[in-house]
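Throughout, protein chains are lettered first and strands after them, A, B, ... in sequence-line order, and every chain is numbered starting at 1. Below, each value reflects all heavy atoms present in this structure, side chains not excepted, and no hydrogens, waters or symmetry copies.
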Protein chains: 2
Amino acid sequence: MPSESEPTAPVVLSAAQRMAILKALGEPRRLEIVERLSQADHSSACTDLRACMPIAPATLSHHLKELETAGLVHITREGKYAHLTLRRDIWQAFLADLQKI
Amino acid sequence: MPSESEPTAPVVLSAAQRMAILKALGEPRRLEIVERLSQADHSSACTDLRACMPIAPATLSHHLKELETAGLVHITREGKYAHLTLRRDIWQAFLADLQKI
DNA sequence: TAATCAATTCGACAGTTATCGAAATGTCGA
DNA sequence: TCGACATTTCGATAACTGTCGAATTGATTA
C-alpha cells in the first residue's frame, strides 16, 4: 500500500504522461510556474504566482489545469485558496525517464 | 578554443534554447526522432527514419528543421543524403539544466 | 446580509503548428 | 543524358492553443 511517507517512491511514467509533461513544460509561463513551485518550500496560492508574473486569472487557471492534468502539479482547494505544490516524485521520475533516452 | 575532441564540453544553454528544446520535444514524432538518433551509434538518414515511422517526407523535413533550430540535431548534407546526429553535448546540457530546477 | 475576494468556467479570438500533396532541387547510377 | 532517388520548399488546410474579458461559484469578512 503506497504511502506519502515515502518521499521518493519508484514512480514509473507512461509514454503518454512523459509526452504530456513535455508539452506542459514547452510553454514559458508553465515552465516558470514549475520553477517557482520547485523553489518554494511551502505550497503556493494562485495569488502568490500572480504577484510574481503578469498573467490574467483565467490564463493562470488554464495553465494550472494543464500542469495538473500532466501530473506535475498537485492542487488542493481549501476555502478561497488553491494550494499548489510540485509533485516532486513525478518530477524526479520525469528526469530519470529523460536520462534513459 | 573549443574542440570536438572533448566529449563533454561545458555547454551552457540560454533560457530561450532550453525552451526551444522543450517545445521541440513536446511533439511525439520529434521525441521519437530524438530517441532513435540517440540509440543509433552512427548517423542516420531521413530514409532510415522513414523506414521506422510512418511520416511524409515533407513532414519529416519540417520536424528535422525544428530539431536543428533547437540545436538538438546536427544535419550534414552530403550528396543525396542528410546525415543526422543527436548533439549529445546539447542533450546533456539540457538534462543538467532541468536538474537544476 | 451585503460586499469583497480567490479561483474557475465560458466563449471568443488570434496566432501557431502539424500535416501533406505537388513541385522543385540536387545527386547518383544506368 | 535520362530516369530514379533523397530531400527540401511551397502552399494550403485543419486543428490546436494561449490569451483574456465577462460571468459564475464559493468562501470570507464587514
Side-chain angles (χ1 to χ4, degrees), chain A residues 15-37 40 42-87, chain B residues 15-37 40 42-87:
Chain A
Q17 188 169 3
R18 182 178 60 181
M19 181 50 62
I21 293 176
L22 282 170
K23 274 188 197 294
L25 295 177
E27 207 285 326
R29 289 168 134 166
R30 287 199 290 260
L31 182 62
E32 187 175 351
I33 291 171
V34 168
E35 285 180 307
R36 290 200 181 277
L37 292 185
H42 47 51
S43 78
S44 307
C46 295
T47 311
D48 299 333
L49 293 178
R50 290 189 53 223
C52 305
M53 47 198 296
I55 190 172
T59 306
L60 176 58
S61 196
H62 163 69
H63 286 317
L64 285 175
K65 189 192 290 183
E66 294 282 314
L67 290 168
E68 187 185 26
T69 300
L72 262 187
V73 168
H74 185 231
I75 308 184
T76 300
R77 275 92 181 177
E78 188 181 357
K80 277 200 297 188
Y81 298 96
H83 294 352
L84 312 172
T85 55
L86 178 66
R87 293 185 61 168
Chain B
Q17 188 169 3
R18 182 178 59 180
M19 181 51 63
I21 293 176
L22 283 170
K23 274 188 197 295
L25 295 177
E27 206 285 325
R29 290 167 132 165
R30 288 199 290 261
L31 181 61
E32 187 175 350
I33 292 171
V34 167
E35 285 180 306
R36 291 200 181 277
L37 293 184
H42 47 51
S43 77
S44 307
C46 295
T47 311
D48 300 332
L49 293 178
R50 290 190 54 222
C52 304
M53 48 199 294
I55 190 173
T59 307
L60 176 58
S61 194
H62 163 69
H63 286 316
L64 285 175
K65 189 192 287 182
E66 293 283 312
L67 289 168
E68 188 185 26
T69 301
L72 262 188
V73 169
H74 185 231
I75 308 185
T76 301
R77 274 92 181 178
E78 188 180 0
K80 278 199 295 186
Y81 299 95
H83 293 355
L84 312 172
T85 55
L86 177 67
R87 293 184 61 168

* To do: Measure from the side-chain N and O atoms of B:Ser61 to the backbone N and O of B:Pro57, and report whether any donor-acceptor pair falls under 3.5 Å.
  => no

* Asked: Taking the side chain of A:His62 as heavy atoms from C-beta outward, which of C:dA7, D:dT19, D:dT9 is closest to it?
  -> D:dT19

* Which nucleotide sits closest to the side chain of A:Arg30: D:dG18, D:dT7, C:dT19? -> D:dG18

* Base, sugar-phosphate, or nothing: which does A:Ala58 touch, judged by heavy atoms less than 4.0 Å apart? -> base

* Taking the nucleotide of DNA chain D with the closest heavy atom to each, which residue, A:Gly79 or A:Glu66, is nearer the 5' end? -> A:Glu66

* To do: Give A:Thr47 one of three labels, base, sugar-phosphate or nothing, depending on what nucleic acid heavy atoms sit under 4.0 Å from its own.
  => sugar-phosphate

* To do: Determine the contact category for A:His63: base if any of its heavy atoms lies under 4.0 Å from a base atom, sugar-phosphate if only primed atoms, P, OP1 or OP2 are that close, otherwise nothing.
  => sugar-phosphate

* Nearest-nucleotide 5' precedence on DNA chain D, B:Lys65 against A:Ile55 -> B:Lys65

* **Atom-pair distance (OH on B:Tyr81; C1' on C:dG26), nearest Å** => 13 Å

* Asked: At under 4.0 Å, does any side-chain N or O of B:Arg50 touch on OP1 or OP2 of D:dT7?
  -> no

* To do: Apply side chain to side chain donor-acceptor pair (under 3.5 Å) to A:Arg30 and A:His63, showing your working.
  => CA-CA 6 Å; A:Arg30 287 199 290 260; A:His63 286 317; 3.1 Å; yes

* To do: Among C:dA6, C:dT9, D:dT7, find the nucleotide with the atom closest to the side chain of B:Ala82.
  => D:dT7

* Nearest heavy atoms of B:Leu84 and B:Cys46, plus distance in Å -> CD1-N, 4.0 Å

* Check the distance between C:dC20's P and B:Leu64's CG and give it to me in whole angstrom. => 14 Å

* What is the distance, rounded to the nearest whole Å, between atom CG of B:Leu25 and atom C1' of C:dT17? -> 16 Å

* Asked: Between atom NZ in B:Lys23 and atom P in C:dA18, what is the gap in whole Å?
  -> 10 Å

* Asked: For the pair made of CZ in A:Arg29 and C1' in D:dT19, what is the distance, rounded to whole Å?
  -> 8 Å

* Asked: If only atom types and distance count, is the side chain of B:Arg50 paired as donor or acceptor with the main-chain N or O of B:Ala56 below 3.5 Å?
  -> no

* To do: Ignoring the backbone of A:Lys80, work out which of D:dT19, C:dC5, C:dT19 is nearest its side chain.
  => C:dC5

* For A:Thr59 and D:dC20, is the shortest distance between a side-chain N/O and OP1 or OP2 below 4.0 Å? -> yes

* Asked: Can you tell if the side chain of B:Leu37 reaches within under 4.5 Å of the side chain of B:Leu67, non-hydrogen atoms only?
  -> no

* Side-chain N,O (A:Arg77) to OP1/OP2 (D:dT25) below 4.0 Å -> no

* To do: Check the distance between C:dA6's C1' and A:Ile75's CD1 and give it to me in whole angstrom.
  => 13 Å

* In whole angstroms, how far is the P atom of C:dA6 from the CG atom of A:Leu49? -> 13 Å

* To do: Can you tell me the distance, in whole Å, between the CG atom of A:Leu22 and the C1' atom of C:dT17?
  => 17 Å

